[in-house]
Every structure is written in C-alpha cells, then in structure tokens.
Amino acid sequence: MEYGISVPKFKLAASGKEAAKYAVEIGYPIVLKIVSPDIIHKSEAGGVMVNLKNAAEVSSAYKKIFKNAKKYNPTAKVVGVLIQEMAPQSTEVIVGALKDPQFGQTIMFGLGGIFVEILKDVNFRIAPLTPDDAKDMITELKAYPLLKGYRNTPPADIDAIADILCKTSRLVMDNPEIKELDLNPIMAYQKGAKAVDARIILE
Ligand code: ADP
Ligand code: MG
C-alpha cells in the first residue's frame, strides 16, 4: 500500500489456471477471495476460502467461490479472484474511518469479532491523529488487557497498531473523497501487524 500499511502478498487471478500459478508463486498455504464490486461482505457470500494447501484445494475452492457468488447474487459482476498469502492466526483488530458530516474524517479502533459487534468496545478520534492520540485509542479500550497479553494470548505490537492508525489518518486526510474505510481484520502480532482485508467507499 502506498501509505506503508503492511498487507499479505497477493495477486489477482482471472482464471483457474492463473490462480494455480499464483498460488505457487506466493507459496502455500494461501487464501482465495472473490473480487466483485457487488459483493461487499465476501465471507457472507461464501467468497473466502482460507488455508488452501495444494493445487487440488485451490482448483476446487476457485470453482466453489464462483458457484457461491452466483447463488448469493446472480447478477454480481465478478472481476476475478484474489490469491493471498495466508497470514498466521492472531488477535484480530479493526481500524475504520468515517466521514462525519460535522467533524469530518473520524478514525475508529477496536478488536475484531464479538468485541466490535456485540460489546461495541470501540474508540473514536477526529483525524488527524497524533501518535499519542493513536496510543490512547488503543490503551483506552476495555479489551486493552487482551492486547497486552493474557494467558495464552501473547502481547500484541502496540506500536505497530498505533502506526497503522496514524497512516490511516493520513490516508483519509489526504483523500477527502473517502467516505468510509475499513481495515477488517488487521492481524496483530508480537512483532508487526498486517491488514488482510480492506474496504473503501468513496463519496
Ligand atoms: P469479508 O470481511 O469481506 O468477509 P475478509 O477478507 O475479511 O472478508 O475474510 C474473512 C475472514 O477470513 C477474516 O476476518 C479473517 O479471519 C480470515 N482471513 C481473510 N484473509 C486472510 C488471510 N490472508 N490470512 C488469514 N486469514 C484470513
Ligand atoms: Mg473483512
């Protein structure tokens, strides 16, 4: 990404043959994802297949993704299939941006899954963010102790997450036409963090 947010290696395949070739180039295990402007929630549409370990699995997942997409939305335009490096499992966090009619670009931070969806444990700040703002957004979360490390969950790289928050702030400040942005999830590791999914909605 131009703003220096790390992402897994990826390639866009337009055929099953290309998918097989790119899988080898990127290296197993890999992830396949539908790429369609008409399918925003890819896994809801059966459009995400993770941990594919060989050519046979890639070939059958490729077909299945198209079949699922067709069932989900028969008129969806499909651009291709994204072949992505499989990121190791870790604590999943979410960075979002939203253009508020009154306050302008606003940055959101939370932990993935139930933390955002059920507990609504998220923090907001108006952009632009200073590095201190970014740190506060993380440490003021109710679930922050989880990020600091808890039982068998190792501590996450807080500086790497704060850095992504600042880069996201810069990205939306530089591009005021962005109405909504979601990096969901970001895999937070003991060292570094990687955004494995991004969604941007323009005005
Ligand atoms: P969507 O949000 O559109 O359903 P995602 O790209 O977020 O699709 O994929 C759904 C889930 O699959 C993610 O929340 C994550 O848990 C997992 N996932 C996606 N891409 C990867 C990847 N490259 N490595 C590991 N897990 C992934
Ligand atoms: Mg996602």
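None of the values given here were measured: they were computed from a predicted structure. Positions are given from 1, in the same order as the sequence printed here. First listed ligand is number 1; within each ligand, the first listed atom is number 1.
Residue Glu44 has no nitrogen or oxygen atom sitting less than 3.5 Å from a nitrogen or oxygen atom of ligand 1, judged on distance alone. When only interatomic distances are considered, the shortest N/O to N/O separation between Glu92 and ligand 1 falls below 3.5 Å. Between Val31 and ligand 1, a contact under 3.5 Å exists for no N or O pair. Annotation: His41 places no N or O atom under 3.5 Å from an N or O atom of ligand 1; distance criterion only.
Within the 4.5 Å cutoff, the side chain of Lys148 has no heavy atoms near those of the Pro155 side chain. Side-chain contact between Ile107 and Met137 is present, with at least one heavy-atom pair separated by less than 4.5 Å. Residues Thr91 and Leu111 are in side-chain contact: their nearest non-hydrogen atoms beyond the backbone lie under 4.5 Å apart.
Nearest protein neighbour of atom 7 (O) of ligand 1, counting heavy atoms only, is Asp197 OD2, 2.9 Å.
Using a non-hydrogen distance threshold of 4.0 Å, Ile39 does not register as a contact of ligand 1. Contact analysis leaves Gln89 out of contact with ligand 1, as no non-hydrogen atom separation drops below 4.0 angstrom. Residue-ligand proximity: Arg199 is placed with every non-hydrogen atom at 4.0 Å or more from ligand 1.
Atom 13 (C) of ligand 1 lies below 4.0 Å from at least one non-hydrogen atom of the protein.
Around the Mg ion (ligand 2), protein N, O or S atoms at less than 2.8 Å comprise Asn184 O, Asp197 OD2.
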